Amino acid sequence: MALLLCTGLFAQKSMSWKKHRKLAEDLMEQGEYYEAAQNFEAAWEQKNKKTELIYQAAEAYYLVNDYRAAAAAYQHVSDRQDLDPVIGLKYARSLKQDGQYDKAIAAFEAVSATYTGQDKVILEDIIKMEIQGAEMAGQLAARQDRNMDLKYPGSSINSDEEDFAPYPVTPDLLYFSSSKGGKARIYSSQRQGIAWSQADIPGNFPVIQNGQYANGSLSPNGDRFYFTICNDSRGWDQLKTRCELFVIKREGTNWTQPERLPDYINMDGVTATMPHVVHIGGREIIYYSSNREGGRGGMDIWYVVRDLGRNDNDFTFPVNLGPVVNTLGEEITPFYDQEEGTLYFASNGHPSVGGFDVFRSLGEEVNWTIPENAGLPVNSSANDYGFIINRSHTGGFVVSNRPFGGDKNNTRNADIFEFNIGGNRLTLKGNVYDQENGELLDNISVTLYQLFEDGTENMLITKDFSSGSYLFELLPDRQFRVEVGRNGYVPQTYSFITNDPANMTYGQPIYLSAGEVGLPPATNPGTTPINPPVANNDPDDSGFGNNNNSNVIESNPPVTINNSGEVYTARGTSARDDLEYTSTAPQHSGTYYKIQLVALSRFDPNNSKLDAVRGIGRIDTEEIVNSGLTRILLADFFTESEAKAALRSARDTFSSAYIVKYEDGIRYGKVRL
């Protein structure tokens, strides 16, 4: 502390330029780059002829992402290629990330005109991309999403260090990572009204003896938590601190000790980090970022897959997402929105309005559309990454080092920002009906293709929808083809172009005719399918008690066995829904169903959203023991058709609602009918 009190510009009157320089060099050794920069600058102000001092100040400011101070320092030596061959590029980038786009473009052009190094061709490609990004900033500003409300959560989550990797477990429970205290750790915070609780280490998280740990992602069914354990270096750097992927597994209300993923994922000397896990078609897919060999350059996005029918860590060999997504730059923080079939990721290798920008691309695994910049206010002239949407699709989070009003006044550290999602997303929606009777068909399969001018097409994604309604997010100014099918029906297809600025929703109703041409027939009971069955791709699908038998004979309403209104305690009976809960809801004999709308940390019976669904059924609650969460449900439905009709109505207000089965008054778990 005594050392810091004598640093900075305040001490320059009492210190010679040599003492400032010596102190700056010592501070650089200690990793105190900002204070070092101030002292290099103070030394230069006393000794202007020693231009290497202001160059060293600029370099130190550049290291801590103080773009404005770096640009102000670099401007004095921007043509001194003898000090640094790419000094002009650093100056131009500092201007760009400070939002001085016109000056940045001129500086980039000056570098292109004066640089004579052997790698001039490569540098010109970089400069071309940087200028494209700077020019794009004005275009994106005119198209900024005014319906997206960006908020600063405050000091209960954010600190003066790096705060990153947000993962919304529920809309009101956030896991995230922070390097406060000098080492990265995973923290949790609970929404309390309009604020967030003071962050703390999750109470049931296992003790990590060595190293730093961060970048968590929970599996959709809640039974696995993937994260990174990183080397115990002096400081934290998102790109330079070497990390490896680990998993902990749920055992009741506790977690196992961390298990390191196999060596072919965590290779010696290689970083594997920033995992995001999804479940699709009976498989668990982990998208993550790594600098392993075989990539395009720097950090690339890769994926590995394992069979959900096993509980081991036997993954496929890592696969690179390919050159459409990955560049010669850095691609990090993948997030796959399963409901929309969209990959969000951050990159500084695609044209950006800042350094790292968030991009989105439709598809899955290795088939992707050309990435589109996510625009403003998701992106800024600073670094933006770690984008994620919560499961209810009401909002999400993004990490940025941008200044933000009176809440954040510098770019030297990254903070977590929260946003609410507006209504201006471009979507494909439609319903599928039986041609004969006009009824909505369930268990449909929809494939989305992108069409190109040369007549070729690329399959982007295939998804199953149990409700008969399909939904995808689209990108503008592209041509698509939709193919819809169902077992025992002739598939139908149509094409369209997303080029109408007045139209935010595309799609049309489809009427399928029964026939022999269609999807492969369902596997007969007792046989083993060649490929695992495709699961419902609901982003809230936890795989609880899947029941896909549409031929169940519906029974008469069960008999009420408990209608006292007294509190009772029970436990879910399926392997994937065995949490203990308390409730006062009536209990019935036999099998019946409820619609789970949401799970909240605080239940308000007067919430206006509930008014929209009260006519569908009775509002029930279940308090999950020792979790602080309350399930909100609609009850009771005694036939499958009633439950499915109720679900369709409930999803108009609660898009992530699902059906839960009860047997003899006890919750079994989530089912698909």
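These figures come from a predicted structure and were not determined experimentally.
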Is the Lys NZ or Arg CZ of [X] less than 6.0 Å from the centre of [Y]'s six-membered ring, within 45° of the axis?
X	Y	result
Lys463	Phe472	yes
Lys151	Phe419	no
Arg631	Tyr581	yes
Arg481	Tyr449	yes
Lys661	Tyr668	yes

| query | So, Asp611 and Lys609, do they make that salt bridge, N to O below 4.0 Å? | reply |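 Judged by the 4.0 Å cut-off on N to carboxylate O distance, Asp611 and Lys609 do not form a salt bridge.
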| said: Could you check whether Arg283 pairs with Glu365 (Lys NZ or Arg NE/NH1/NH2 to Asp/Glu carboxylate O, under 4.0 Å)? | reply: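 Result for this pair is yes, salt bridge flagged.
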| message | Between Arg618 and Asp636, is the salt bridge (Lys or Arg N to Asp or Glu O under 4.0 Å) condition met? List the steps. | response | CA-CA 7 Å; Arg618 183 185 68 248; Asp636 291 304; 2.8 Å; yes
| request: Fit a plane to each ring of Phe356 and Tyr385, take the angle between them on a 0 to 90° scale, and name the class: parallel (under 30°), tilted (30 to 60°) or perpendicular (over 60°). | output: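 It falls in the perpendicular class, over 60°.
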| message | Parallel, tilted or perpendicular: which one describes the rings of Tyr303 and Tyr287, with boundaries at 30° and 60°? | response |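 If you compare the ring of Tyr303 with that of Tyr287, the planes turn out tilted.
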| request: Carefully, step by step, assess Asp442 and Arg486 under the rule salt bridge (Lys or Arg N to Asp or Glu O under 4.0 Å). | output: CA-CA 8 Å; Asp442 58 7; Arg486 186 184 189 271; 2.8 Å; yes
| request: Mind running salt bridge (Lys or Arg N to Asp or Glu O under 4.0 Å) on Arg296 and Glu330 for me, showing each step along the way? | output: CA-CA 9 Å; Arg296 295 272 294 163; Glu330 316 274 358; over 6 Å; no
| message | Is there a side-chain contact between Leu597 and Leu634 in this structure, where contact means two heavy atoms from C-beta onward sitting under 4.5 Å apart? | response |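 In contact.
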